[in-house]
Amino acid sequence: MTYANTLLTSKFVQFALKVRQVSDHSWWVYRYEIGRRGELSQASRVVFFGRNKEETDQWLQRQSEEATIYMLSDN
């Protein structure tokens with residue numbers, strides 16, 4: 001008899017990213033950790049500095065090719 005463990009195939013969300021334009025030539029990507037119960041950390045850290053939106057989008061695209069990325073919105 002074979003038993004399948006569905007938890008082994010699940011991916012747990014560990015962090016979320018948020019992009020913020022700080023000035024005309026400064027785009028920052030913030031990383032927020034997500035706890036075991038799904039709560040979003042109030043503290044964040046900057047993981048990328050871009051000079052423009054295109055550079056930042058390219059960095060996010062490269063990251064999404066390596067792992068699943070979850071983006072936060074301003075809403």
For residues 51-58, tabulate all N or O donor-acceptor pairs below 3.5 Å that involve a side-chain atom, not counting sequence neighbours.
residue, atom, partner, partner atom, Å
Asn52, OD1, Glu54, N, 3.3
Asn52, OD1, Glu55, N, 2.6
Lys53, NZ, Asp57, OD1, 3.1
Glu55, OE1, Arg51, N, 2.7
Thr56, OG1, Asn52, O, 3.0

Residue pairs fulfilling side-chain hydrogen bond (donor to acceptor under 3.5 Å, both in side chains) with at least one residue in residues 32-46, sequence neighbours excluded: Arg31-Glu33
Table please: side-chain donor-acceptor pairs of residues 16-25 below 3.5 Å, with sequence neighbours left out.
residue, atom, partner, partner atom, Å
Lys18, NZ, Asp74, OD1, 3.2
Arg20, NH1, Tyr30, OH, 3.1
Gln21, NE2, Ser23, O, 3.2

Please list, chain by chain and in numerical order, all residues satisfying ring pair (Phe, Tyr, Trp, His ring centres under 6.0 Å) with Trp27, sequence neighbours excluded. none
Could you give all pairs that pass the ring pair (Phe, Tyr, Trp, His ring centres under 6.0 Å) test and reach residues 42-67, with sequence neighbours left out? Trp28-Phe49, Phe48-Trp59
